[in-house]
There are 2 protein chains.
Amino acid sequence: METETATRWLTDEEQCAWRTHVEVNRMLTYQLERDLQPFGLTMNDYDILVHLSETDDHRMRMSDLATATLQSKSRLSHQITRMENAGLVRRENCESDRRGLYTVLTEDGMETMRKVAPHHVASVRRHFVDLISPEELDALHKALTPIAEHLRSQRGKP
Amino acid sequence: METETATRWLTDEEQCAWRTHVEVNRMLTYQLERDLQPFGLTMNDYDILVHLSETDDHRMRMSDLATATLQSKSRLSHQITRMENAGLVRRENCESDRRGLYTVLTEDGMETMRKVAPHHVASVRRHFVDLISPEELDALHKALTPIAEHLRSQRGKP
DNA sequence: CCACTTTCGTTCGCATTTCAACTTCTTAGG
DNA sequence: CCTAAGAAGTTGAAATGCGAACGAAAGTGG
């Protein structure tokens, strides 16, 4: 009885596309991180600031923030401690659920966002958005959407 | 005198595409890493094995490997030490440049590759390649190519 | 009201990554 | 030849990251 199925290796085109994708991701991460360094922020810091600044009251529950930023609770906890020490955010108790905590953006954190955001956007443009046509960007988006959906549905499965 | 140029924020389409791209990268990395775990390998391990197995003599200079895998020398050095302890690779002196070292794939390492590669390819297919049409994949590739070129040219600049 | 299970967030132990020396060897200039 | 500059790798300590175990607080079913 045949249990082994012949491996469907990637075709040249597939392999090439795949490798480019991986390569772009790594180099892009590297560059964006690099461009944020002068401001003393990492992408992780920045991402958290963005999420917080986009809520009405500039606060988010730890769990939600962990989910939104795709990191473990443990990692987020450490991360928030660091950002708290840096004065960017502070923790605040949640009245309705006394197990819970809010991460709240401080005025300093908001100020940092206002200062850094333009540079980050410029960085994203310089290394990504402005390098391709709107049509290509759209094609990229369309291609990635089903993948994003699939991956979201996979999160935290066996 | 005006030194500030008004920030060109991302349009909705740009922002959406950008965020999807970032999100896909993070989730994809997570999934691939996850799928490799049962074999006791990380993506980093695997990537190194791939590079080595693709050279004729299954060996590469540390520096070249560091460049190829986009990591610092220090990181690679630690990484290779771990892989050496796991029996996947070994270090070998370089005769032409006595500062230099080769990382050489062991038979064990090669065997591991043969065993793991099919699963990894399946993983790449399941979470990426097979989720979109060849046309979309091609569009993706075409869109990413200029970005990859730009980023390569930026590596290690001021 | 009382167990039982689940959720929230932190902490601990351990692995990985970074950063800044440091050693050894090569190369270039005089 | 000799010295200074640079390149190849390593090292150790500090920062960061992850999974498991944990305590506290909610929710749930009898």
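Only heavy atoms go into these numbers, but all of them, side chains included; no hydrogens, no water, no symmetry mates. Every chain is numbered from 1 and lettered A, B, ... according to where its sequence line falls, protein lines coming before strand lines.
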Choose from [options] the nucleotide whose nearest atom is closest to any side-chain atom of [X].
X        : options                   : value
Arg99(A) : dA20(C), dT6(C), dT26(C)  : dT6(C)
His78(A) : dC12(C), dA26(D), dT10(C) : dC12(C)
Ser74(A) : dC25(C), dG9(D), dC12(C)  : dC12(C)

If I take atom [atom1] in residue [X] and atom [atom2] in nucleotide [N], what distance separates them, rounded to the nearest angstrom?
X         : N       : atom1 : atom2 : answer
Met60(A)  : dC8(C)  : CE    : P     : 13 Å
Glu33(A)  : dT16(D) : CD    : P     : 11 Å
Arg75(A)  : dT10(C) : CZ    : C1'   : 17 Å
Leu101(B) : dT26(C) : CG    : P     : 12 Å
Met43(B)  : dT16(C) : CE    : P     : 16 Å
Asp64(A)  : dC8(C)  : CG    : C1'   : 11 Å
Leu36(B)  : dT16(C) : CG    : P     : 14 Å
Leu76(A)  : dT11(C) : CG    : C1'   : 14 Å

[X] side chain to [Y] side chain, donor-acceptor N/O pair below 3.5 angstrom:
X        : Y        : value
Thr67(B) : Asp64(B) : no
Arg91(A) : Thr81(A) : yes
Arg82(B) : Gln79(B) : yes

Just call it for [X]: base, sugar-phosphate, or nothing, with non-hydrogen atoms closer than 4.0 Å on any strand.
X        : result
Arg82(B) : base
Ser77(B) : base
Gln71(B) : nothing

Phosphate OP1/OP2 of [N] contacted by [X] side-chain N/O (<4.0 Å):
X        : N       : value
Arg98(A) : dA26(D) : yes
Lys73(B) : dA8(D)  : yes
Arg91(A) : dT10(C) : yes

Review point. Starting at the 5' end of DNA chain D and moving along, which residue's nearest nucleotide shows up first, Ser96(A) or Gln79(A)?
Key: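 Its nearest nucleotide being more 5', the pick is Gln79(A).
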Exercise for review: Identify, between Ser72(A) and Asp97(A), the residue whose nearest nucleotide on DNA chain D lies closer to the 5' end.
Suggested key: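 In this pair, the answer is Ser72(A).
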Practice item. Give a yes or no answer on whether the side chain of Arg125(B) reaches the backbone of Trp9(A) with a donor-acceptor pair at less than 3.5 Å. Key: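 Checking the backbone N and O of Trp9(A) against the side chain of Arg125(B), a donor-acceptor pair under 3.5 Å is found.
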Practice item. Group every Ile, Leu, Val, Met, Phe, Trp and Tyr by side-chain heavy-atom contacts under 4.5 Å, then state whether Leu36(B) and Tyr30(B) land in the same group. Key: no
Practice item. Return the 5'-most residue of the pair Asn44(B), Ser63(A) with respect to DNA chain C, ranking by each residue's nearest nucleotide. Key: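 Its nearest nucleotide lies further toward 5', so the answer is Ser63(A).
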